[in-house]
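Okay, structure first, notes after.
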Protein chains: 2
Amino acid sequence: MSVTIKDIAAELGISVSAVSKALNNYPDVASETKRQVKETAQRLGYRANITARNLRASETRLFGYSWQPNFPDQFDPILDRFLQAMAEAAARHGYHLLTFPNSSVDAELDTYAEMVRTGQVDGFVLSNTNLDDRRVHRLLENEFPFVAFGRSNVDWDFPWVDVDGTAGVRIAIQHLIAQGHRRIACLAWPEASLTGQFRLQGYLESMEEAGLPVEPEWIERRENVYADAYAAALRLLALPAAHRPSAIIALTDLMAMGVLNAAWDAGLEPGRDLAVVGFDDAPMARFLRPPLTSLRQPIAEVGERLVTMLVNLVKGQLSAKPHILLQPELIVRASSIVPCSE
Amino acid sequence: MSVTIKDIAAELGISVSAVSKALNNYPDVASETKRQVKETAQRLGYRANITARNLRASETRLFGYSWQPNFPDQFDPILDRFLQAMAEAAARHGYHLLTFPNSSVDAELDTYAEMVRTGQVDGFVLSNTNLDDRRVHRLLENEFPFVAFGRSNVDWDFPWVDVDGTAGVRIAIQHLIAQGHRRIACLAWPEASLTGQFRLQGYLESMEEAGLPVEPEWIERRENVYADAYAAALRLLALPAAHRPSAIIALTDLMAMGVLNAAWDAGLEPGRDLAVVGFDDAPMARFLRPPLTSLRQPIAEVGERLVTMLVNLVKGQLSAKPHILLQPELIVRASSIVPCSE
DNA sequence: ATTATAATCGAAAACGTTTTAGTTGTCAAG
DNA sequence: CTTGACAACTAAAACGTTTTCGATTATAAT
């Protein structure tokens with residue numbers, strides 16, 4: 001069918017091992033032979049059979065990436081770019097990406113186990129990790145190569161890249177304070193989320209630094225669901241005037257959309273009567289009404305760093321487990337630029 | 001390292017071929033032996049080495065899916081669910097998905113060629129096909145298995161699944177007409193797009209059927225870019241009152257967002273002063289202001305059908321090339337439910 | 001008792017590559 | 001003339017399966 005190493009050997013009247021070594025630039029083959037081999041390989045259109053090479057080297061040059069389908073009304077605004085960044089970085093190193101969304105944690109764990117045992121991938125990229133993450137635990141246990149977008153337990157030593165949510169929210173809060181806001185609320189996540197903790201911490205820190213009080217009712221812990229965010233925002237806006245926040249930061253653009261609509265429905269104009277900040281800088285954030293100020297994650301860099309880390313890891317060229325914390329960028333738009341009219 | 005077929009053979013004192021045949025339920029192996037083999041395989045935690053099996057069978061049980069990164073301000077609202085549907089269907093048949101976004105058509109073609117020759121995948125899934133699609137042309141030429149989300153030249157015989165854009169837009173227009181609208185505009189795509197042609201055809205057909213005139217200036221052909229859609233909508237809304245459309249259908253939700261914002265900026269309230277319909281039913285469509293009426297593509301079914309078709313194709317169990325046309329569903333929301341006040 | 005038939009298993013090749021351990025031949029040093 | 005070093009190559013094993021073909025045994029039919 002397709003042209004193999006054997007065909008080249010036959011063509012030149014030499015052995016297959018000579019051909020293989022010529023193609024792989026072994027030192028113990030004459031440069032003239034190398035030249036001839038490469039020339040014939042080119043001429044016959046030879047391409048090494050990946051599967052055979054993989055069997056020999058017991059590797060697959062494949063990385064697995066799994067994510068969990070979101071709730072129906074949710075969406076992952078950055079999956080697209082994340083996948084692209086990872087796939088491109090992988091291709092640069094001769095790897096490819098195997099994607100397998102799983103509907104549940106258990107299904108995901110099963111798939112991991114299956115892939116580890118069948119040797120289907122050389123390593124994994126995890127995302128949305130959390131405290132006591134079972135995937136991290138399992139892979140550490142099996143000593144299988146992986147990197148993670150996100151942190152987990154501090155005593156688990158594994159390579160990760162994360163975006164500094166604390167610093168990001170601090171920047172956003174400082175931006176709001178600079179515009180004169182003093183009553184700032186935070187639409188946070190349930191305590192179980194480590195990412196949520198980091199981001200909330202940024203809120204608390206910067207408020208305290210600015211000497212601003214934080215009323216307990218300004219912190220709403222909700223799931224990353226539109227309806228929950230909408231309801232919470234309505235409640236915040238219904239507070240008595242002296243306590244009503246003039247700015248709200250939401251930990252997701254999805255939640256920020258709930259805030260925007262709650263404001264409109266409460267008879268307020270977001271961007272004028274209420275400052276709103278989101279997180280993620282989803283592609284549609286700039287098209288909302290008003291355009292949404294949001295924290296942009298350097299998602300392409302995250303993907304690129306993760307993959308190169310993983311490549312080095314499987315090659316054994318990684319002495320310590322790197323921990324990389326990247327900084328988000330505040331993209332200021334109309335939803336937060338109007339100074340607070342105290 | 002890991003447990004192979006040889007270990008089972010040694011454990012039971014039989015040959016590797018017997019073990020292999022037992023595991024694959026060959027008829028010429030005693031049922032008692034089968035039982036023992038399977039029991040030991042279970043006990044030792046045996047998993048067949050995929051690479052070895054692939055080399056033997058000269059297949060990879062991998063399907064390739066490539067897509068082109070969108071323009072910066074665009075986003076693919078359905079990539080997430082499409083990938084999920086495909087990956088899950090693939091997993092059910094023992095296949096996995098290799099994803100490799102490419103930045104240009106040429107890069108994509110190169111990657112295809114590379115993968116075909118190295119035998120890295122057993123087949124491809126294409127999407128966003130168009131007339132004279134070079135990918136389709138190449139793969140047909142090489143007789144390499146593939147299926148496509150979308151149609152192409154009528155004289156090219158290949159398996160595809162598509163969503164009936166013509167029928168979809170017809171439903172939407174009929175919905176608008178039923179609400180009393182008579183001046184309906186269409187924010188279409190450049191002529192080069194086959195999908196755009198199909199959808200526009202639905203507009204033209206249903207307008208003609210209803211005996212409604214179509215003024216040339218009601219058809220705006222623009223790229224699928226927010227700014228272009230916004231500008232076009234502003235122009236439509238600036239038409240003299242007698243010619244100004246009371247409803248606009250956009251061929252994408254992204255373009256529909258441009259229409260919504262143009263309406264607001266023109267001092268109109270979309271949903272009350274102007275009906276707007278989009279296409280795709282992006283996840284955020286329901287959260288827009290007002291919630292956007294849109295045509296929902298059965299994207300999960302598209303993905304599932306494509307993959308099962310491809311599985312049958314590579315297995316040679318496909319006599320004719322199937323052509324499947326699925327119907328979109330009109331999701332009616334506030335942006336179009338208020339009857340036109342003529 | 002002989003032969004045919006079926007049932008069960010094993011030996012070995014094959015997939016295409018890489019790599020180890022030689023093997024040859026040449027040439028210079030002793 | 002021997003020895004050793006070196007360059008350039010080859011044979012063959014190995015990776016873990018699957019599958020063809022032949023071998024063995026037992027059973028049934030003649």
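Naming: A, B, ... by sequence-line order, numbering from 1 per chain.
When rounded to the nearest whole Å, the span between CG of B/Asp7 and P of D/dC15 equals 11 Å. Atoms CD1 (A/Ile8) and P (C/dT17) sit 8 Å apart, rounded to a whole Å. Counting to the nearest Å, the C1' atom of C/dC9 and the CG atom of B/Leu12 are 13 Å from each other. What separates CD1 of B/Ile5 from C1' of C/dC15 is a distance of 15 Å, to the nearest Å. Atoms CD (B/Glu32) and P (D/dA26) sit 17 Å apart, rounded to a whole Å. Atom CD in B/Gln36 sits roughly 13 Å away from atom C1' in C/dT8 (whole-Å rounding). Atom C1' of nucleotide D/dA14 and atom CG of B/Leu55 are separated by 12 Å, given to the nearest angstrom. With rounding to whole Å, B/Leu23 atom CG is found 13 Å from C/dC9 atom P.
A/Ser20 comes within contact range of at least one nucleobase, with a heavy-atom separation under 4.0 Å.
Scanning for side-chain hydrogen bond (donor to acceptor under 3.5 Å, both in side chains) contacts around A/Asn312 gives an empty result, with sequence neighbours left out. With sequence neighbours excluded, the residues that form a side-chain contact (heavy atoms from CB on, under 4.5 Å) with A/Ala107 are A/Asn102, A/Ser104. Residues satisfying the salt bridge (charged side-chain N to carboxylate O under 4.0 Å, His left out) criterion with B/Asp122, sequence neighbours excluded, are absent altogether. In this structure, the side-chain hydrogen bond (donor to acceptor under 3.5 Å, both in side chains) partners of B/Lys21, at least two apart in sequence or on a different chain, are B/Asp28. A/Ala148 pairs by the side-chain contact (heavy atoms from CB on, under 4.5 Å) definition with A/Leu126, A/Thr129, A/Phe158, A/Trp160, not counting sequence neighbours. With sequence neighbours excluded, the residues forming a side-chain contact (heavy atoms from CB on, under 4.5 Å) with A/Leu12 are A/Ile8, A/Ile14, A/Gln36, A/Val37, A/Thr40, listed by chain and number. Scored by the side-chain contact (heavy atoms from CB on, under 4.5 Å) test, A/Glu39 finds A/Arg43 as partners (sequence neighbours excluded).
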Which pairs of donor and acceptor atoms, one on a side chain in residues 302-310 of chain B, lie under 3.5 Å apart (sequence neighbours left out)?
unit_1: B/Glu304; atom_1: OE2; unit_2: B/Arg92; atom_2: NH2; d: 3.4
unit_1: B/Arg305; atom_1: NE; unit_2: B/Glu301; atom_2: OE2; d: 3.2
unit_1: B/Arg305; atom_1: NH2; unit_2: B/Glu301; atom_2: OE2; d: 3.2
unit_1: B/Thr308; atom_1: OG1; unit_2: B/Glu304; atom_2: O; d: 2.9
unit_1: B/Thr308; atom_1: OG1; unit_2: B/Arg305; atom_2: O; d: 3.0

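For DNA chain D, the neighbouring residues in residues 43-51 of chain B, judged by any heavy atom under 4.0 Å, are B/Tyr46, B/Arg47, B/Ala48, B/Asn49.
Close to D/dT18, at under 4.0 Å from its OP1 or OP2, lies a side-chain N or O of B/Asn24. Distances shorter than 4.0 Å separate none of the side-chain N or O atoms of B/Arg56 from OP1 or OP2 on C/dA14.
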Below 3.5 Å is the cut-off: list the nitrogen or oxygen pairs between protein and nucleotides 24-27 of chain C, distance only.
none

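Although no hydrogens or angles enter the test, the distance criterion places a donor-acceptor pair under 3.5 Å between the side chain of A/Arg117 and the main chain of B/Gly45.
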Point to revise | Reading 5' to 3' through nucleotides 6-11 of chain D, protein heavy-atom contacts under 4.0 Å coded B for base, S for sugar-phosphate only, - for none | key: --BBBB
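Ring planes of B/Tyr95 and B/Phe63: parallel class, angle under 30° (limits at 30 and 60°).
Residue pairs meeting the side-chain hydrogen bond (donor to acceptor under 3.5 Å, both in side chains) criterion with at least one member in residues 146-156 of chain A, sequence neighbours excluded: A/Asp132-A/Asn153, A/Arg151-A/Asp162.
Residue A/Tyr26 places its side chain closer to C/dT19 than to any other of C/dT19, C/dT17, D/dT18.
Using a 4.0 Å cut-off between a side-chain N of Lys or Arg and a carboxylate O of Asp or Glu, B/Lys34 and B/Glu32 do not qualify as a salt bridge.
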